[in-house]
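One structure is given below, encoded as structure tokens.
Residue numbering restarts at 1 for every chain, and letters A, B, ... go by the order of the sequence lines.
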Number of protein chains: 2
Amino acid sequence: MTTRLLIIGGSDAGISAGLRARELDSSCEVTIVLADRFPNYSICGLPFYLSGEVPDWHWLAHRTAEDIAREGIHLLLDTTARAIDPANHLVAILDETGKPRQLPYDRLVIATGAVPVRPPIPGIDLPGVFLLRSMQDSFAVHAYLDTHAPRSAVIVGGGYIGVEMADALTRRGLAVTLVEHGAWVLKTVDESLGGRVGAELRHHGVEVATGITVERIAQAGPRLHVMGTEGFGATADLVLVAVSVRPQTELAEAAGIATGERQAIRVTRAMKTNVPDIYAAGDCVETWHRLLGAPTYLPLGTTAHKQGRVAGENAVGGHREFAGTLGTQVVKVFEAVVARTGLRENEAKEAGFDPLTVEARAWDHKVYYPGAHETHIRLTGDRQTGRLLGAQMVGRYQSEVAKRIDIFATALFHGMHVDELNDLDLSYTPPLSSPWDPVQMSAQAWVKQRHQAE
Amino acid sequence: MTTRLLIIGGSDAGISAGLRARELDSSCEVTIVLADRFPNYSICGLPFYLSGEVPDWHWLAHRTAEDIAREGIHLLLDTTARAIDPANHLVAILDETGKPRQLPYDRLVIATGAVPVRPPIPGIDLPGVFLLRSMQDSFAVHAYLDTHAPRSAVIVGGGYIGVEMADALTRRGLAVTLVEHGAWVLKTVDESLGGRVGAELRHHGVEVATGITVERIAQAGPRLHVMGTEGFGATADLVLVAVSVRPQTELAEAAGIATGERQAIRVTRAMKTNVPDIYAAGDCVETWHRLLGAPTYLPLGTTAHKQGRVAGENAVGGHREFAGTLGTQVVKVFEAVVARTGLRENEAKEAGFDPLTVEARAWDHKVYYPGAHETHIRLTGDRQTGRLLGAQMVGRYQSEVAKRIDIFATALFHGMHVDELNDLDLSYTPPLSSPWDPVQMSAQAWVKQRHQAE
């Protein structure tokens, strides 16, 4: 019997689900409904399109619509899912002409993603103020950059998108002010590392204002004036708001699908919702955290791909479980790279561990070989058991920061103890590492400090 | 009671043993005997000194003699160990003035390293022919480069040192011919990847001759003529022979210490020899292979550091075991980086596995972001069990090849299956990877091919 697999959402999770289902069961009929014309686009690539580093937005497609069709997947573009009828296994849609239709399914995957949070700031709807999430959002910003040639920008929010856009707009020649509510930019890493990111931004001319809550945006002649706490005020031609995202779950909730953490769709590790034959994956679902042993909300492209793949496999009769996130993340900011995996001290403490965090410095490769750069590693482990809990790192672009974090991530996946990192047989040649890799040097620093504290 | 720890050999293993012993037991009296004046030098760095990239050989020290002394270690430079007397716990030495003395020990660590194999090629003793292993060797080559200003070189042996020296001497402006006995250079990786290394060498002007056995070196006026099988002949101002190394074990054998694999000193995983109170570590010992579950001979700096650390810990009463090598290695050749870990197809077959090897290509990061380079990955797994057995990779310098091999190495350490690599939460941002890292793309290619073959 042919399985009719219907997928709502054509970004990372949806496409991954469809591809995996077709790979495992070539008789499966896969239809993907998406609200725009941009299936499988790399939304993580939008800042590089806006910076000009990626000259053509078409390049941002992980796969083209033709590639996807070639895999035997039926794509319904510009099609909006309006309602799910679980009892009758139907989804009501408006097709690309605006005509209502019903699509039947045997299995359904909800992959509706996330939407940016629109903070209740007066003036946020003024022309020249933008949120950034979808392809359309970025077209709007791009068009504004082209037609208005803004010379300055205020970015509200110093998270991943905020710092990437500060880099991007600076590259385009704008004078950028970055305003962050917290005490440092990139609150996903600790203050000492976030401080290095702030320094990198300032080094490239970005004004960084931390500890400021933006309270109002007002028109100031042809420009925009952004006002905040602590007497903050800045005038610019463009304002970008990138504070947070939330899961897009209205459709699911209306169909009786339960939500959990941060109002994201509740799923099992097999990516099943509470409603039979309905799976969900990606930025709209809560995500199993491998170290916490509990669901969390951590919308990331890597996770969306994995969850989509699991959902697609199970939708055609598989028995795969999502292995869990570790919150592994990396971002490039000018010439710096910032990465993390696992838990930070405060997160570990909340989860009931007894964390110790030690910061170590190490050259990315033997300092005698040209081009060595210092890497700063903060390693968190459990004082009682010695177990590795997390790592954060700041270093230079092209000095293998990202894949060093992945060594930690692979170690965390297996529940390694900090001291065991020294047993790993890691590669070494003077232009690329040291006989003890920086990963291991940080482990040795941690072990030493733990013993001294005893 | 104070432990008197005596260490013979002041390179990676010996120094690591001493430092670890002092770290754990500050009452321990550590004496290191070394035959030259260069404790803790990075012999892996010699090619970069000879290339001119490292202008001063002093920079090659991992630590200076003063650093080591500051850790409370007594260094006896220019001191030769002549005999070990296990019954009386004494080592006979010639001190730096040539005077014989006896040094007592409670625990002894033998870390005498390896020496280059001197192949029985007629003419190998001619002036202008060099082997490269020790600091003195490299001083001799360096002096010859300075005084004779050779314009051409023949390098015999296309292993790690051979390809690094081909790079180094080319950088110095010499015309280099590299002669390799096997069918391709860098026999530590498979032919398709070794072929890429050969292409990189040729691209930078190196003449690469494979499948040639060098039979004779003869004086040809002021120059040297190298002759080999297949009618090979090349004339050059300098000849460098780098075919292989062997463990330096004469001292140990004379004291009744057993040897094993490739005549290297036989040790337990606690780095104990068969003689009470005598440990051994580094390039002079056989090395436990984590995947083979058996000893092998794989002299590497990373392993020497680990084994030395284990020996030092156990010599002061610890109970640590060497976790085993995976043969993880990396080398930079001009702009290419070549790395491997674990077993190749032929090695896996010999060890009783049912290997399948699949080669995959992947961009090091999203191709839309500037500077993407292709990475070639050969992944070997067991067809029956799906277990990961090894990986080999060639890619571009600064595209995180080395630390990607380390993700594989960490996975191998834990006995992961190939398909499980897809469960790893690895970092992603478009300038540094893809939502599925190349490591995972290669795993997916392997899984697909295994299923197709079923």
Side-chain angles (χ1 to χ4, degrees), chain A residues 12 23 42 44-45 48 53-54 59-60 62 290 300-306 309 323-332 337 339 341 366-370 397-400 402-407 409-411 413-414 420 422-433 435-437 448, chain B residues 12 23 42 44-45 48 53-54 59-60 62 290 300-306 309 323-332 337 339 341 366-370 397-400 402-407 409-411 413-414 420 422-433 435-437 448:
Chain A
D12 295 347
E23 183 174 67
S42 175
C44 300
F48 311 109
E53 289 159 288
V54 177
W59 295 9
L60 294 182
H62 287 307
R290 194 168 172 93
L300 290 168
T302 45
T303 304
H305 275 83
K306 287 185 188 74
R309 196 166 188 258
T325 185
L326 297 165
T328 313
Q329 296 163 62
V330 63
V331 64
K332 174 179 177 291
V337 171
T341 186
K366 289 305 298 181
V367 69
Y368 61 70
Y369 187 84
Y397 186 50
Q398 297 183 322
S399 70
E400 313 219 7
K403 298 303 129 184
R404 285 195 165 107
I405 269 294
D406 290 350
I407 298 170
T410 307
F413 187 92
H414 290 285
E420 288 177 305
N422 295 311
D423 292 334
L424 292 176
D425 186 13
L426 306 180
S427 63
Y428 160 57
T429 182
L432 285 160
S433 185
W436 296 109
D437 191 80
K448 209 165 183 172
Chain B
D12 296 347
E23 183 175 68
S42 175
C44 300
F48 311 109
E53 289 159 288
V54 177
W59 296 10
L60 294 181
H62 288 307
R290 193 168 173 92
L300 289 168
T302 46
T303 303
H305 276 83
K306 287 185 188 74
R309 195 167 189 258
T325 185
L326 297 164
T328 312
Q329 296 164 62
V330 62
V331 65
K332 174 178 178 290
V337 171
T341 186
K366 289 304 299 180
V367 69
Y368 61 71
Y369 186 85
Y397 185 50
Q398 296 184 321
S399 69
E400 313 220 5
K403 298 301 129 184
R404 284 195 165 107
I405 269 294
D406 289 350
I407 298 171
T410 307
F413 186 92
H414 290 284
E420 287 177 305
N422 294 311
D423 291 334
L424 292 176
D425 186 13
L426 305 180
S427 63
Y428 161 56
T429 182
L432 285 159
S433 185
W436 296 109
D437 190 81
K448 209 165 184 173

Minimum side-chain heavy-atom gap [X]-[Y] below 4.5 Å:
| X | Y | value |
| --- | --- | --- |
| A/F48 | B/P370 | no |
| B/W436 | A/H62 | no |
| B/K306 | A/P435 | no |
| A/K403 | B/S433 | yes |

Kindly give the heavy-atom pair with the smallest separation between A/C44 and B/Y368, and that separation in Å.
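Nearest pair, atom of A/C44 first, then B/Y368: C-OH, 4.2 Å.
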Which region of B/D437, side chain (C-beta onward) or backbone (N, CA, C, O), has a non-hydrogen atom less than 4.5 Å from a non-hydrogen atom of chain A, or is it both or neither?
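For B/D437, the side chain is the part near chain A, not the backbone.
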What part of B/R309 is in contact with chain A, defined as an atom under 4.5 angstrom from a non-hydrogen atom: side chain, backbone, both or neither?
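Side chain only.
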When you look at A/L432 and B/Y397, which way does the side-chain contact (heavy atoms from CB on, under 4.5 Å) test go after all the steps?
CA-CA 9 Å; A/L432 285 160; B/Y397 185 50; 3.7 Å; yes
Name the option with the most non-hydrogen atom pairs under 4.5 Å to chain A; the candidates are [options].
| options | value |
| --- | --- |
| B/T303, B/T341, B/T429 | B/T429 |
| B/A323, B/S427, B/P431 | B/S427 |
| B/L60, B/V337, B/V331 | B/L60 |
| B/S399, B/A409, B/G45 | B/G45 |

Please state whether the side chain, the backbone, both or neither of [X] comes within less than 4.5 Å of a heavy atom of chain B.
| X | result |
| --- | --- |
| A/A402 | both |
| A/V367 | neither |
| A/K366 | side chain |
| A/Q329 | backbone |

Assess whether a salt bridge exists between B/E400 and A/R404, defined as any Lys/Arg side-chain N lying under 4.0 Å from an Asp/Glu carboxylate O.
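Answer for the salt bridge query: no.
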Applying side-chain contact (heavy atoms from CB on, under 4.5 Å) to B/D423 and A/F413, what does each step give before you reach the verdict?
CA-CA 9 Å; B/D423 291 334; A/F413 187 92; 3.8 Å; yes
Between B/D425, B/L426, B/L424, which is the residue that forms a side chain to side chain contact (heavy atoms under 4.5 Å, CB included) with A/T302?
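The option that passes is B/D425.
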What distance separates A/S42 OG from B/Y369 OH, expressed to the nearest 0.5 Å?
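Output value for this atom pair is 13.0 Å.
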